[in-house]
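Okay, structure first, notes after.
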Amino acid sequence: MTASPVADDRLARFNALVLSVAQSLYGVSVATIIMVGGLVGHMLADDKSLSTLPITTFVTGTFLSTVPSSLFMQRFGRRPGFVLGAVFGILSMSLAAYAIVIGSFWLFCLATHFAGYYQASAQYYRFAATDTASLGFRPKAISWVLAGGLAAALIAPEVVTRTQDLLAPAIFAGCFATAAIVVTAGLLVVLLVDIPKPAPQMASVKGAATGARPLREIIAQPRLVMAIATGMVSYGMMNLVMTATPLAMIACQHTVEDSAHAIRWHVVAMYLPSFFTGPLMARFGREQVTLIGLALLAGCGAVALAGVSVEHFTIAMVLLGAGWNFGFIGATAMVTDCHRPEERGKVQAFNDLMVFGFVALCSFLAGKLLNIVGWDGVNMAIFPFVGLALVLMAVMPRLGRRRIA
């Protein structure tokens, strides 16, 4: 079965709702890694400078599997790809729990690496929601999916708190065992996704290209360059500061509970705006919403540089999460404007390869920067990248208009 033109958005709404639930269940496992991955790393690693390595291996796993995941879906369809990703999620969460029980740091890193394969698959939930959507409904569909992360933000801290001693004396092993059960529920949910396989590449008609264009031609579009760059900055800066925050708070004599509180509000801020990001894009445009996201990221850096109280950390985390939401959703919507249905696999794979390659680098550098230049240095790094993204957003539309002319 191949894709057909969108007659209305009833199917798109159904898929967006299903994928929103899947997003919330996936988010519980990701939030578990974010909240306790560094703590487990510190607990298991002999070299404490490697405490954040489990988070880096998680992002690296995502980076390495974005292209295979997208190409798999392009050939076999969205549902088989999501199911395979969930299988990796179940195995990785189970392996993480076992690694904690036996006290193996490197096995735990391997487990989080495999969890990255699950994240790579789940990152396409937002794109899949647009596959059966009309042009006008696409921003809302993306927002609906990412709004599912709000439930994860509210549920995950409770899961961590209530299950951390479930397999005592192996602290935190119960968190990952529970996450494996949650991912199993997510696997059952993605079985409901109803998205036709993409149409095969069409032959040319009288020399005119009517099917998939070469990737080199597609990524030469100034609008796509701008979309990918802003997505990289939005996600990369969010990951850089978020990864360093728990360690910075402990270094500033705050408690683990204070850190969890700040991260909780950060995750809430990542997903709560999704309820109105879509309508805002429909009214004001993708670019304007993305600009708001970049401004919020800069605001995070300014607040973080202003002080190191719990309130400063929490407000900075809220601005960071909201900035990611506006910036990343806006960039994602712009990417979907730049390719045809038969091109989506390779274009979305290239986009996520670039985004998560940069995120992996930021994750790796977070601990290093914190040790070398301190918390202020980490936040100062936000400004040049945001500035670069703003320059591209100013220049690329002009290049696009010249190209059309």
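Basis for what follows: all heavy atoms, side chains included, without hydrogens, waters or symmetry-related copies.
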Q | Sidechain-backbone polar pair: Asp9 side chain, Phe137 backbone, donor-acceptor under 3.5 Å | A | no
**Q.** Any side-chain heavy-atom pair of Lys346 and Ile218 under 4.5 Å
**A.** yes
Q. How many angstroms lie between atom CH2 of Trp324 and atom CG of Leu296, to the nearest 0.5 angstrom?
A. 13.5 Å
(Q) Please find the pair of heavy atoms, one from Leu392 and one from Ala229, that lie closest to each other, and give the distance. (A) CD1-CB, 3.4 Å
Q.
Any heavy-atom pair between the side chains of Ile329 and Arg286 that's under 4.5 Å?
A. no
Q) If you look at every heavy atom in Phe284 and Gln288, which pair is closest and at what distance? A) O-OE1, 2.7 Å
Q | Any side-chain heavy-atom pair of Met393 and Leu294 under 4.5 Å | A | yes
(Q) Check whether Asn325 reaches the backbone of Ala322 with its side chain - one donor and one acceptor, N or O, closer than 3.5 Å. (A) no
Q. Do the side chain of Ser70 and the main chain of Val67 share a donor and acceptor less than 3.5 angstrom apart?
A. no
Q: Looking only at non-hydrogen atoms, find the nearest pair between Ala115 and Met93 and report the distance.
A: CB-CE, 3.7 Å
Q. What pairs with Ser65 under side chain to side chain contact (heavy atoms under 4.5 Å, CB included), at least two apart in sequence or on another chain?
A. Tyr117, Ala120
Q. Just wondering, more than 12 heavy atoms not from Phe383 lying within 6.0 Å of its CZ?
A. yes
Q.
According to side chain to side chain contact (heavy atoms under 4.5 Å, CB included), who are the partners of Thr184, at least two apart in sequence or on a separate chain?
A. Ile90
Q: I would like to know whether Tyr125 and Trp144 meet ring-ring contact (aromatic ring centres under 6.0 Å, His included); could you show each step before the answer?
A: CA-CA 10 Å; Tyr125 292 168; Trp144 285 17; over 10 Å; no
Q. Does the ring-ring contact (aromatic ring centres under 6.0 Å, His included) test come out yes or no for Phe114 and Phe58, once each step is laid out?
A. CA-CA 7 Å; Phe114 288 143; Phe58 171 59; over 10 Å; no
Q) If you round to the nearest 0.5 Å, how far is CG of Asn351 from CZ of Phe356? A) 9.0 Å
Q.
Testing Asp194, Asp131, Thr132 one by one against Arg78 for a side chain to side chain donor-acceptor pair (under 3.5 Å), which residue passes?
A. Asp131
Q) Backbone N or O of Trp375 within a donor-acceptor pair of the Asn379 side chain at under 3.5 Å? A) yes
Q) Passes side chain to side chain contact (heavy atoms under 4.5 Å, CB included), Val190 versus Arg79? Steps please. A) CA-CA 6 Å; Val190 296; Arg79 187 192 302 163; 5.7 Å; no
**Q.** Residues Phe313, Trp265; criterion ring-ring contact (aromatic ring centres under 6.0 Å, His included); working and verdict
**A.** CA-CA 10 Å; Phe313 276 108; Trp265 282 107; over 10 Å; no
Q. Is Met43 atom CE crowded by more than 12 heavy atoms from other residues, nucleotides or ligands, each under 6.0 Å away?
A. yes
Q. Got a sec, which residues hit side chain to side chain contact (heavy atoms under 4.5 Å, CB included) with Ser104, two or more places apart in sequence or on another chain?
A. Ile102, Leu107
(Q) Would the distance check show the side chain of His254 and the main-chain N or O of Met249 forming a donor-acceptor pair, the cut-off being under 3.5 Å? (A) no
(Q) Heavy-atom count check: over 12 atoms from other residues, nucleotides or ligands less than 6.0 Å from Phe72 CZ? (A) yes
Q: Mind checking side chain to side chain contact (heavy atoms under 4.5 Å, CB included) for Met354 and listing every partner two or more places apart, or none if nothing turns up?
A: Ile228, Met232, Phe350
Q | Least distance between heavy atoms, Ala227 atom then Val335 atom | A | CB-CG2, 3.7 Å
Q. Any side-chain donor paired with an acceptor under 3.5 Å for Thr336 and Arg138?
A. no
Q) Restricting to pairs with a member in residues 15-39, which pass ring-ring contact (aromatic ring centres under 6.0 Å, His included), not counting sequence neighbours? A) Tyr26-Tyr118
Q: State, with a plain yes or no, whether a side-chain heavy atom of Tyr124 is found less than 4.5 Å away from one of Asp352.
A: yes
Q: Scan residues 172-196 for pairs that pass ring-ring contact (aromatic ring centres under 6.0 Å, His included), counting only residues two or more places apart or in two chains.
A: Phe108-Phe176
